[in-house]
Amino acid sequence: MKKTLFTAVFCLVAAGAFAQTKSVNRAFNEAKMESPNFSEARENIQGALTNPETQDVAKTWYVAGYIENRAFDNNWTMRQMNQSVDEGAMYNALYDCYEYYLKAAALDTLPDEKGKVKPKYLKDIRNTLKKNHDFFRYAGGYYFNEGDFNSACKVWGAYLEIPKIGFMDVAKLPMDTLYQETKFNSAIAAMRAENNKLAIQYLEDLKDSDYDPKGVYDLLIYGYNMERDTVNLINTLKEAADKIVATDEDFQYIPQLINLYITSGNYDEAIEYLKKVLASEPMNAEYWKVLGGLYGTLEKEEKAIECLNKAIEINPEYVDALGELGRIYYNRAVNYNGEISAISDNNLYRQEKEAKVIPAFKQALPYYEKAHQLNPEEYQYKVALRGIYYNLGDAENLKLIESEIDD
């Protein structure tokens, strides 16, 4: 009785496996028809993809890929004939073919029971992927324009991966400028999809190529900013500043780097980097001004004055440098005034003021006057000049500047 039961169960299993094999063949035959019924072919193959008896058979996955490839080809032909097609469905079929074929190739290249590898479908899979390679680029463009950035990443990712697949070596697919451009576009799509890590991966690959160095570094810096990865952000900014010739357009890297050092409290690193840059660009007034500002922050006034004077020497109308230098002398006068304020002897107080406070205000005056002349709307310059004119007893100019402030 038990033997009969086991025999019956075995027959049922065998019948099920046979049915799935028939479904694979039926799906394959349907897909090869001149006008295939793709819905029917897909329905026939779906069960075999998950059935334990057929899911590890190369032909099952090959047929699934073949169906999708025929579906894509048919739609592409219709599109070329200006017939209406569902582009999303067309490119979905293209990608599904790719995924099915990868699975089929993996199974097709397994050794048999004798340890030998005898692929049956690999050649056709390779030829199909080679033929379809450029279509993945078009698919990415379609999805990107549709605002489906995740799908754009997916299909562009396939485009980038196909030339690197081991069994595609003999196809010799180029990884040229077009390939690099697609990788760059993939990074943009990844950022739009809020997948900064994937974008960074692509951009890190690209930064050692010749493809649009500034564009690559701009995006890479943005990516590390978004990820709050300060270590890689600093390193990338330094690379960008060192690799790309400074122009008005890409001058942003060094200020970003310096600002990053400053906001993280690394003033010494900021100063050392600026000194290094100035060794090769000694006539850059902006760098001298920033260096002077850093020395001022560290209360190294003489060095700050030296750097700011250098910036003004290079650019006599550099308003920020003029204002910064005026501020140093003005603060020095205020500090001197604070130091002598406790002197009770009027004669001694006046002597100290004449010896220290007034000269400092006089040193600040020409820088603030020039800065005000160049930027008459800047409020802090007006306020500083009012304080200077008051302390110097210049009633005429005090009245004029007060009228400007009141306006």
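Quick caveat, the model's predicted, so the values are computed rather than measured.
At distances below 3.5 Å, not a single donor-acceptor pair connects side-chain atoms of Q363 with backbone N or O atoms of Y329. Here the side chain of T297 pairs a donor or acceptor atom with the backbone of G293 at under 3.5 angstrom. In this structure, the side chain of W288 engages the main chain of P282 through a donor-acceptor pair within 3.5 Å. Although no hydrogens or angles enter the test, the distance criterion places a donor-acceptor pair under 3.5 Å between the side chain of N391 and the main chain of G387. Remark: side-chain polar atoms of R386 are not paired, donor with acceptor, to backbone N or O of E402 under 3.5 angstrom.
Side chains of R350 and N347: a donor on one and an acceptor on the other come within 3.5 Å. Between the side chains of N69 and N132, at least one donor N or O sits under 3.5 Å from an acceptor N or O. For the 3.5 Å distance criterion, the side chains of N315 and K289 fail to qualify, holding no donor opposite an acceptor. A side-chain donor-acceptor contact under 3.5 Å links D124 and Y62.
Remark: E272 pairs with K275 by the salt bridge (Lys or Arg N to Asp or Glu O under 4.0 Å) rule, at least two apart or across chains. For Y95, the ring pair (Phe, Tyr, Trp, His ring centres under 6.0 Å) partners are Y98, not counting sequence neighbours. When the salt bridge (Lys or Arg N to Asp or Glu O under 4.0 Å) test is applied to E40, no partner is found at least two apart in sequence or on another chain.
The shortest non-hydrogen separation linking G323 to Y381 is CA-CE2, 3.9 Å. Between E87 and Y142, the shortest heavy-atom contact is CB-CE1, 3.6 Å. Contact between A139 and Y91 at its shortest, heavy atoms only, is CB-CD2, 3.3 Å. In this structure, A27 and I67 approach most closely via the heavy-atom pair CB-CD1, 3.9 Å. Residues Q55 and W61 come closest through the heavy atom pair O-NE1, 2.7 Å. Of all non-hydrogen atoms in L308 and I328, the two that sit nearest each other are CD1-CD1, 3.6 Å.
If you take OG on S35 and CG on N74, they are separated by 7.5 Å, rounding to the nearest 0.5 Å. Rounding to the nearest 0.5 angstrom, the gap separating the NZ atom in K130 from the NZ atom in K172 is 10.5 Å.
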Using distance only, find each side-chain donor-acceptor pair of residues 151-163 under 3.5 Å and give its atom names and separation, not counting sequence neighbours.
{"unit_1": "S151", "atom_1": "OG", "unit_2": "D148", "atom_2": "OD1", "d": "3.2"}
{"unit_1": "S151", "atom_1": "OG", "unit_2": "D148", "atom_2": "OD2", "d": "2.7"}
{"unit_1": "W156", "atom_1": "NE1", "unit_2": "R137", "atom_2": "O", "d": "3.1"}

Residues 103-115 side chain polar contacts: donor-acceptor under 3.5 Å, at least two apart:
{"unit_1": "D108", "atom_1": "OD1", "unit_2": "K120", "atom_2": "N", "d": "3.0"}
{"unit_1": "D108", "atom_1": "OD2", "unit_2": "K120", "atom_2": "N", "d": "2.9"}
{"unit_1": "D108", "atom_1": "OD2", "unit_2": "Y121", "atom_2": "N", "d": "2.7"}
{"unit_1": "D108", "atom_1": "OD2", "unit_2": "L122", "atom_2": "N", "d": "3.0"}
{"unit_1": "T109", "atom_1": "OG1", "unit_2": "A105", "atom_2": "O", "d": "2.8"}
{"unit_1": "T109", "atom_1": "OG1", "unit_2": "A106", "atom_2": "O", "d": "3.3"}
{"unit_1": "D112", "atom_1": "OD1", "unit_2": "K114", "atom_2": "N", "d": "2.9"}
{"unit_1": "D112", "atom_1": "OD1", "unit_2": "G115", "atom_2": "N", "d": "3.1"}
{"unit_1": "D112", "atom_1": "OD1", "unit_2": "K116", "atom_2": "N", "d": "2.9"}

Determine all donor-acceptor pairs shorter than 3.5 Å in which one atom belongs to a side chain in residues 231-240; sequence neighbours excluded.
{"unit_1": "N232", "atom_1": "ND2", "unit_2": "D229", "atom_2": "OD2", "d": "2.7"}
{"unit_1": "N235", "atom_1": "ND2", "unit_2": "V231", "atom_2": "O", "d": "3.3"}
{"unit_1": "T236", "atom_1": "OG1", "unit_2": "N232", "atom_2": "O", "d": "2.6"}
{"unit_1": "E239", "atom_1": "OE1", "unit_2": "K207", "atom_2": "NZ", "d": "3.1"}
{"unit_1": "E239", "atom_1": "OE1", "unit_2": "Y217", "atom_2": "OH", "d": "3.0"}
{"unit_1": "E239", "atom_1": "OE2", "unit_2": "K207", "atom_2": "NZ", "d": "3.3"}

Go through the steps for K164 and D169 under the test salt bridge (Lys or Arg N to Asp or Glu O under 4.0 Å), then give the verdict.
-> CA-CA 7 Å; K164 299 189 289 186; D169 281 351; over 6 Å; no
What's the verdict on side-chain contact (heavy atoms from CB on, under 4.5 Å) for M226 and Y222, showing C-alpha distance, side-chain angles and the deciding distance?
-> CA-CA 6 Å; M226 295 300 292; Y222 175 80; 3.6 Å; yes
Going through the distances and angles, do Y368 and R327 end up as a side-chain contact (heavy atoms from CB on, under 4.5 Å)?
-> CA-CA 8 Å; Y368 270 130; R327 186 185 64 81; 3.3 Å; yes
Evaluate side chain to side chain donor-acceptor pair (under 3.5 Å) for N331 paired with Y336, printing each intermediate quantity in order.
-> CA-CA 9 Å; N331 287 344; Y336 287 155; over 6 Å; no
Under the side-chain contact (heavy atoms from CB on, under 4.5 Å) rule, what do N337 and K356 come out as? Steps first, then yes or no, please.
-> CA-CA 8 Å; N337 200 49; K356 292 183 177 180; over 6 Å; no
What's the verdict on side-chain contact (heavy atoms from CB on, under 4.5 Å) for R79 and N75, showing C-alpha distance, side-chain angles and the deciding distance?
-> CA-CA 6 Å; R79 185 176 183 271; N75 276 286; over 6 Å; no
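Using a 4.0 Å cut-off between charged nitrogen and carboxylate oxygen, E302 and R332 count as a salt-bridge pair. The pair E68-R42 meets the salt-bridge criterion, with a side-chain N (NZ, NE, NH1 or NH2) lying under 4.0 Å from an Asp/Glu carboxylate O.
Between F149 and F144, the two ring planes are perpendicular [angle over 60°; tilted spans 30° to 60°]. Ring geometry, Y211 versus F184: the interplanar angle falls from 30° to 60°, so the pair is classed tilted.
Ring pair Y267/Y261: centre-to-centre distance not below 6.0 Å. The six-membered or imidazole ring of F135 lies near that of W76, with a centre-to-centre distance under 6.0 Å.
When the shell of 6.0 Å around CG of D176 is examined, it contains more than 12 heavy atoms from other residues, nucleotides or ligands. Under a cut-off of 6.0 angstrom, the local environment of CD in E396 is sparse, with at most 12 non-hydrogen atoms contributed by other residues, nucleotides or ligands.
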